[in-house]
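Only one structure is covered here, and it is reproduced in the block below.
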Amino acid sequence: MKKIENILCIGAGYVGGPTMAMIARKCPDRRVTVVDVNAKRIAAWQSDDLPIYEPGLKEVVRETLNRNLFFSTDVDKAIEEADVIFVAVNTPTKTFGQGAGCAADLQYWEKTARQIKRCSKRDKIVVEKSTLPVRTAAAMQRVLSAESDGVHFEVLSNPEFLAEGTAIADLECPDRVLIGSDETETGLAAREAVVDIYASWIPRDRILTTNVWSSELSKIAANAFLAQRISSINALTELCEKTGADVTEVARAIGADSRIGPKFLKAGVGFGGSCFKKDILNLVYMCESQGLHQAADYWRSVVTMNTHQQNRFVNTMLTAMFNTVAGKRIALLGFAFKADTSDTRETPALTVARLLAEEHADIVISDPYALENAKNDLASVGDRVAYESDPHKAVEGADAVAVMTDWKLYGDIDWQRVYASMRKPAFIFDGRNFLDHAKLFKLGFHVYAIGIEPKSHF
Ligand code: NAD
Ligand code: UGA
């Protein structure tokens, strides 16, 4: 197969933007175009004010933009010119009709497939970059080969494993790249052409190849396993709080077993982000559709535990603060679903803010990068919520502080100054278990963490 020169990505979001910027950096001899229907997003990619915050991303875009990385809204033209098309459109949970609240909404993906079909006058490789239900490639192949006009499409799966906040490092040095293809002559040739792109900077032994279905399912399975570890450690936190065991010590002890390993054992207010919940629910739906009810129930429980952990956090706050937070000022430090991102999709902070608003608390939200998203997410909650980028101003006169995101700056904050500016008794709820609780207690705070006995002066 001839070398791929023109690479296109449809979807300029959290995945499409960073992955294509990295390919452009590592393959200066190939032309990379990223298109999107969202003109505002495309304009932002071409400006100094990128549409997403991601450490190191600006540098990569600055180096490649208009050299061999191009952003455009002209999807038709870009399809016509491309040799390979990565599809990185959103695949959210369906909110209507059959499978609502569980199945993946494939409307954006299908629209894209039809557009590729319409605009292609020569053979193309189409690569699923979005996370999709297993066997989606078969449906894509059907859309693409309907009314055959001699153009051949080879559909591959190349799911993305980057995590937000560390996307650039993950792309630069991934644990593995996964490429699934048909195991036919043309499928294997297309697979080799895509392997060749990644082999520009990734050792070949980290580029795994499989059949298409294994690749599609592996992506969802990887997210399900990661989320399951978080729910498993979180499922121990209540027992720890009631018995005097400390979940951070338990995590260290079990994580030292090389068969278990230390990562993704950090207890907290629950996982957020656009994908864990969506992908597990998608897995649940696939199992249900095949009549595999026990398997579906097993995976559903990972999400149930996560919802419980978020609700429980607010219950702890209420109980600690004498069963009422009405009219009390509560500062939420952090709104992003994790540190080093502006992304607030499925953030536990949103659930916590909504529940506190229902209790008539006066909420102040602070975050270094996610305040704009927070304002959009909480638009319906109204004037119970205020926004303040300076954490010291946010906590002034507050009855309680709840740390929702493990931004490093909250670890470094002058907590003595915070304590002095708050109303007493001053409560702190560490939803990420990353503050120095002994020090805070000594300063006078009543300290509540996750999976650790509360430290109260009462
Ligand atoms: P996103 O919402 O940030 O970006 C998707 C983009 O696709 C949007 O800008 C949207 O306007 C565009 N789009 C939708 N339909 C289009 C069309 N017909 N033509 C052109 N553009 C179109 O989503 P994301 O977070 O980048 O996720 C994309 C996919 O990647 C999802 O399937 C997700 O599960 C998966 N994924 C995401 C991450 C992550 O960290 N966010 C990581 C791995 C995998
Ligand atoms: C996750 C996966 O880690 C990526 O491999 C995957 O590509 C991506 O989903 C996706 O498919 O979208 P991401 O959601 O960006 O990445 O971030 P994570 O680092 O996985 O964190 C997810 C959530 O779990 C965050 O809210 C984080 O605070 C929480 N978390 C993580 C914990 O509560 N405890 C932990 O030990 C680890």
Side-chain angles (χ1 to χ4, degrees), residues 1-17 19-20 23-24 27 30-39 41-42 45 69-92 104-160 178-182 184 186-198 212-213 215-216 219:
M1 175 159 284
K2 83 173 184 38
K3 183 177 162 186
I4 289 170
E5 277 166 3
N6 275 315
I7 297 172
L8 169 65
C9 178
I10 304 183
Y14 286 86
V15 168
T19 44
M20 292 303 127
I23 290 178
C27 307
R30 304 188 205 239
R31 183 185 167 91
V32 182
T33 306
V34 188
V35 292
D36 205 292
V37 285
N38 182 337
R41 231 177 191 184
I42 289 297
W45 279 111
L69 177 67
F70 302 90
F71 290 91
S72 165
T73 50
D74 193 344
V75 185
D76 286 4
K77 179 167 169 267
I79 291 173
E80 213 181 312
E81 291 172 355
D83 302 316
V84 61
I85 304 173
F86 289 85
V87 182
V89 299
N90 39 327
T91 51
D105 183 348
L106 298 176
Q107 61 172 307
Y108 309 104
W109 164 86
E110 211 208 274
K111 246 181 232 156
T112 310
R114 286 177 188 277
Q115 195 168 6
I116 293 173
K117 166 83 182 158
R118 182 167 51 75
C119 301
S120 295
K121 303 206 169 34
R122 58 184 171 89
D123 296 356
K124 313 257 173 213
I125 300 172
V126 179
V127 185
E128 299 173 341
K129 194 66 162 156
S130 303
T131 304
L132 293 159
V134 62
R135 293 201 79 85
T136 300
M140 187 167 230
Q141 191 73 63
R142 270 185 211 129
V143 172
L144 292 171
S145 44
E147 293 180 60
S148 181
D149 46 12
V151 177
H152 179 77
F153 296 95
E154 204 58 54
V155 181
L156 270 58
S157 160
N158 167 222
E160 185 49 58
L178 180 58
I179 301 170
S181 72
D182 274 351
T184 55
T186 51
L188 292 172
R191 178 198 278 185
E192 208 34 53
V194 175
V195 166
D196 192 49
I197 298 176
Y198 287 105
V212 185
W213 324 126
S215 173
E216 288 176 332
K219 168 63 200 175

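Source: prediction; values computed, not measured.
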- Message: Strictly below 4.0 Å, N to O, side chains only: are R30 and D196 in salt-bridge contact?
- Response: yes

- Give a yes or no on whether the backbone of F153 and the side-chain of Q141 come within a donor-acceptor separation of less than 3.5 Å. yes

- Heavy-atom closest pair (M20 atom, C9 atom, distance to 0.1 Å) is CG-CB, 3.3 Å

- Note on the structure: Taking every heavy atom of I125 against every heavy atom of A193, the minimum-distance pair comes out as CD1-CB, 4.1 Å

- Message: Any side-chain to backbone donor/acceptor pair from S130 onto V89? Under 3.5 Å, distance only.
- Response: yes

- For A113 and L144 the tightest heavy-atom approach is O-CD2, 3.5 Å

- Say you draw a straight line from CD1 of I116 to CE of M140; how long is it, rounded to the nearest 0.5 Å? 5.0 Å

- Query: Does the D36 side chain pair with the main chain of I42, one donor and one acceptor, at a distance under 3.5 Å?
  - Reply: no

- Donor-acceptor pair, D105 side chain versus P92 backbone, under 3.5 Å? no

- Item | Donor-acceptor pair, side chain of W45 and main chain of A12, under 3.5 angstrom | yes

- Message: Please report the interatomic distance OG1(T33) to CD1(I85), rounded to the nearest 0.5 Å.
- Response: 10.5 Å

- Message: Measuring only between side-chain heavy atoms, which start at C-beta, is C27 closer than 4.5 Å to V32?
- Response: no

- Exam field: side chain T91 to backbone T131, donor-acceptor pair closer than 3.5 Å: yes

- Message: Could you tell me if the side chain of T136 sits less than 4.5 Å from the side chain of W109, heavy atoms only?
- Response: yes

- Checking E160 side chain against K129 main chain: does a donor-acceptor pair fall under 3.5 Å? no

- Task: Locate the shortest heavy-atom distance separating E154 from G187; write the atom from each residue and the value.
- Result: OE2-CA, 3.4 Å

- Item | Trace of the side-chain contact (heavy atoms from CB on, under 4.5 Å) decision for R31 with N6 | CA-CA 5 Å; R31 183 185 167 91; N6 275 315; 3.2 Å; yes

- Are side-chain heavy atoms of V35 and D74 found at a separation under 4.5 Å? no

- Item | Chi angles and distances behind the side-chain contact (heavy atoms from CB on, under 4.5 Å) call for V195, R191 | CA-CA 6 Å; V195 166; R191 178 198 278 185; 4.3 Å; yes

- Using modelled atom types only, decide if a donor and an acceptor are shared between the side chain of K124 and the backbone of E80 within a distance under 3.5 Å. yes

- With rounding to the nearest 0.5 Å, note down the distance linking OG1 in T112 to CG in L106. 10.5 Å

- Message: Any side-chain to backbone donor/acceptor pair from N158 onto L178? Under 3.5 Å, distance only.
- Response: yes

- Task: Please say which of R118, R122, K117, K121 ends up in a salt bridge (charged side-chain N to carboxylate O under 4.0 Å, His left out) with D149.
- Result: K117

- Counting distance only, does the side-chain N/O of E216 pair as donor-acceptor with the main-chain N or O of S157 below 3.5 Å? no

- Please report the shortest heavy-atom distance between A24 and L69, naming the atom on each side. CB-CB, 3.8 Å

- Item | Side-chain heavy atoms of L8 within contact of V84, under 4.5 Å | no

- Rounded to the nearest 0.5 Å, how far does OG1 of T73 lie from CZ of R41? 14.5 Å

- Mind listing the closest non-hydrogen atom pair of V212 and A137 along with its distance? CG1-CB, 3.4 Å

- First locate atom CD of E81, then atom OG of S120, and finally report the distance between them rounded to the nearest 0.5 Å. 12.0 Å

